[in-house]
Amino acid sequence: MNRFMTVPNTVYIIIFLMLLALPFVTDSRTLLIMFTQIFLFAIFAMSYDILLGYTGIVSFGHAMFFGIGAYSTGIILKQYDSTIPMLLMAVLVGAVIAGIVSYVVGMLSLRLKSHFYAMLTLAFSGLFLVLAEKWRSLTYGNDGFTFSIPDPLRDRLNLYLLSLILMVIIFLLLKRFTHSPLGRVLQAIRENEDRTESLGYNVLHYKVIASVVAGVFASFAGSLYVLTLRFVNTSVFAVDVTLDALLMTIIGGVGTLIGAIIGAGLIEFAHHWLSDLAKVHWIFERWIIFFGILYIVVVMFFPQGIVGTIRLWWSRRKGTQIRVRKEKNISS
């Protein structure tokens with residue numbers, strides 16, 4: 001029990017309880033929508049962190065798994081009854097397709113060096129974008145389509161709570177995954193791929209596993225995303241979606257998981273806040289410029305991401321305290 005109730009875990013529990021209580025202390029619909037989007041993009045960013053932060057894989061095509069989940073959920077709910085069992089089947093179908101695609105893409109491209117892999121994933125994502133544009137009988141092209149969602153989820157409160165609980169569950173699952181022996185091998189690959197291979201590990205095998213895990217959870221995020229909009233179009237396959245995940249991961253702290261959640265919160269909050277300021281003065285209509293300045297400031301003051309830099313400060317402080325204690329013991 002004492003091992004579990006560490007300072008970070010205590011902070012996590014307090015924040016979770018505060019988020020759980022938030023809808024009951026405010027009736028702001030805008031706030032609920034914003035936090036719901038933060039939770040689902042946090043899931044997406046955590047899935048990307050498995051690739052970038054824990055395996056050292058840079059992908060420019062992670063949006064294709066997000067889009068697969070989005071389109072699978074939207075198409076099935078539009079074609080069939082919008083019930084909870086049908087929704088669960090739609091999410092499962094999206095996850096299975098994303099897992100198969102990530103396995104195939106991984107087997108075809110993970111043998112390449114990092115920058116070649118990144119460009120190849122961008123090409124695969126582009127193929128899915130073109131497919132969504134041209135297969136109009138199913139996807140309605142760039143125009144997209146609306147669909148109904150199960151009655152319980154039409155209440156923003158229920159959707160908020162579902163997104164929050166799923167984010168926490170996925171965070172715990174991925175945390176357990178990264179602390180498992182398999183996760184340790186992935187981190188070894190990130191640090192030194194050649195040395196890991198010389199120890200007898202099949203590096204490609206482990207990279208593909210990381211790709212499949214990341215793809216499946218990115219699909220879950222895409223399914224949640226379209227539930228909040230009740231609409232889906234080809235924008236879910238856009239490069240901007242992958243870049244958002246990349247920025248969230250870097251700003252929060254690569255290889256931390258909790259950093260992905262913090263990064264998602266900061267970027268989504270900044271996006272909503274700067275967009276609202278456009279009503280105050282016309283200059284804020286160019287909110288992307290201010291967003292870029294904000295990103296530069298964060299990178300300057302937190303070079304290892306927010307969580308990574310805080311951990312570095314904390315470790316240095318502990319090291320200083322230990323060194324002072326040793327000096328006192330020697331002098332005494």
Side-chain angles (χ1 to χ4, degrees), residues 43-76 89-135 137-139 170 173-174 177-178 180 182-183 185-186 189-190 193 196-197 201-226 232 234-246 249:
I43 295 172
F44 185 49
M46 284 191 288
S47 72
Y48 192 81
D49 200 23
I50 294 297
L51 291 178
L52 178 63
Y54 288 92
T55 319
I57 299 173
V58 179
S59 171
F60 289 155
H62 204 53
M64 70 177 136
F65 308 120
F66 185 86
I68 286 171
Y71 267 103
S72 297
T73 301
I75 290 170
I76 291 177
M89 189 188 79
V91 173
L92 181 61
V93 168
V96 170
I97 295 174
I100 294 172
V101 171
S102 59
Y103 175 80
V104 172
V105 171
M107 290 298 293
L108 291 175
S109 57
L110 280 171
R111 302 174 190 272
L112 303 174
K113 295 298 181 182
S114 58
H115 53 287
F116 292 114
Y117 170 78
M119 298 309 297
L120 197 56
T121 55
L122 180 61
F124 276 112
S125 182
L127 287 175
F128 276 90
L129 176 60
V130 172
L131 180 64
E133 289 176 347
K134 300 302 182 184
W135 199 351
S137 61
L138 185 66
T139 65
I170 290 173
L173 288 174
L174 291 179
F177 173 76
T178 56
S180 68
L182 192 153
V185 174
L186 294 181
I189 293 172
R190 176 195 65 194
E193 183 175 332
T196 305
E197 190 169 16
Y201 292 102
N202 186 339
V203 170
L204 177 63
H205 172 75
Y206 286 95
K207 281 184 173 182
V208 170
I209 291 176
S211 176
V212 171
V213 171
V216 168
F217 284 109
S219 170
F220 288 155
S223 296
L224 276 175
Y225 178 70
V226 294
V232 60
T234 55
S235 64
V236 293
F237 285 118
V239 179
D240 292 349
V241 177
T242 300
L243 293 180
D244 282 343
L246 177 62
T249 305

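For the single chain, residues carry numbers from 1 onward in sequence order. These numbers come from the heavy atoms of this one structure, side chains and all, not from hydrogens, waters or symmetry mates.
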Would you give the length of the straight line joining atom [atom1] of [X] to atom [atom2] of [Y], rounded to the nearest 0.5 angstrom?
{"X": "M107", "Y": "K207", "atom1": "CE", "atom2": "NZ", "value": "12.5 Å"}
{"X": "L224", "Y": "I43", "atom1": "CG", "atom2": "CD1", "value": "5.0 Å"}
{"X": "T249", "Y": "D244", "atom1": "OG1", "atom2": "CG", "value": "10.5 Å"}
{"X": "L120", "Y": "L108", "atom1": "CG", "atom2": "CG", "value": "7.5 Å"}

Considering all heavy atoms, the nearest [X]-[Y] contact:
{"X": "A90", "Y": "I76", "result": "CA-CD1, 3.6 Å"}
{"X": "A95", "Y": "V216", "result": "O-CG2, 3.7 Å"}
{"X": "E197", "Y": "V203", "result": "CB-CG2, 3.7 Å"}
{"X": "A214", "Y": "L51", "result": "CB-CG, 3.7 Å"}
{"X": "I189", "Y": "T55", "result": "CG2-O, 4.1 Å"}

query: Within a strict 4.5 Å, meaning less than it, do heavy atoms of the L52 and I57 side chains meet?
result: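 A side-chain contact under 4.5 Å is absent here.
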
query: Centroid-to-centroid, Y54 to F177, below 6.0 Å?
result: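 When the ring centroids of Y54 and F177 are compared, they turn out to be at least 6.0 Å apart.
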
- line: Contacts of Y206 meeting ring-ring contact (aromatic ring centres under 6.0 Å, His included) (sequence neighbours excluded), chain-then-number -> Y201

Can you list every pair that meets salt bridge (charged side-chain N to carboxylate O under 4.0 Å, His left out) and has a residue in [range], with sequence neighbours left out?
{"range": "residues 47-76", "answer": "none"}
{"range": "residues 123-135", "answer": "none"}
{"range": "residues 61-70", "answer": "none"}

message: For S180, give me all partners under side-chain contact (heavy atoms from CB on, under 4.5 Å), at least two apart in sequence or on another chain.
response: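 By the side-chain contact (heavy atoms from CB on, under 4.5 Å) rule, S180 matches R176, L182.
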
- request: Could I get the full list of side-chain contact (heavy atoms from CB on, under 4.5 Å) partners for L92, not counting sequence neighbours?
  value: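 Testing L92 for side-chain contact (heavy atoms from CB on, under 4.5 Å), a comparison that skips the adjacent residues, returns V96.
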
query: Would you say the side-chain atoms of T196 pair up with the backbone N or O of V185, donor to acceptor, closer than 3.5 Å?
result: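 No, the answer is negative, given that no donor and acceptor are paired below the 3.5 Å cut-off.
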
message: Could you check whether any side-chain N or O of R190 sits under 3.5 Å from a backbone N or O of G53, counting only pairs where one atom can act as donor and the other as acceptor?
response: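 Yes: the side chain of R190 pairs with the backbone of G53.
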
- prompt: Can you list the residues that meet the side chain to side chain donor-acceptor pair (under 3.5 Å) rule with T234, with sequence neighbours excluded?
  reply: N142

statement: Residues at least two apart in sequence or cross-chain that pass side chain to side chain donor-acceptor pair (under 3.5 Å) with S47, listed by chain then number, are H62

- prompt: What pairs meet the side chain to side chain donor-acceptor pair (under 3.5 Å) rule with one or both residues in residues 211-225, with sequence neighbours excluded?
  reply: T73-S223

- prompt: How would you list all residue pairs meeting side chain to side chain donor-acceptor pair (under 3.5 Å) that involve residues 89-107, not counting sequence neighbours?
  reply: none

message: I'd like to know whether V241 forms a side chain to side chain contact (heavy atoms under 4.5 Å, CB included) with V236, so could you lay out the CA-CA distance, the side-chain angles of the two residues, the decisive distance to 0.1 Å, and finally the verdict.
response: CA-CA 7 Å; V241 177; V236 293; 5.6 Å; no

Report, one line per pair, each donor and acceptor closer than 3.5 Å where one atom sits in a side chain of residues 121-130; sequence neighbours left out.
unit_1, atom_1, unit_2, atom_2, d
T121, OG1, F60, N, 3.1
T121, OG1, G61, N, 3.4
T121, OG1, Y117, O, 3.2
T121, OG1, A118, O, 2.6

Under 3.5 Å, which donor-acceptor pairs link side chains of residues 63-70 to any protein atom two or more places apart or in another chain?
none

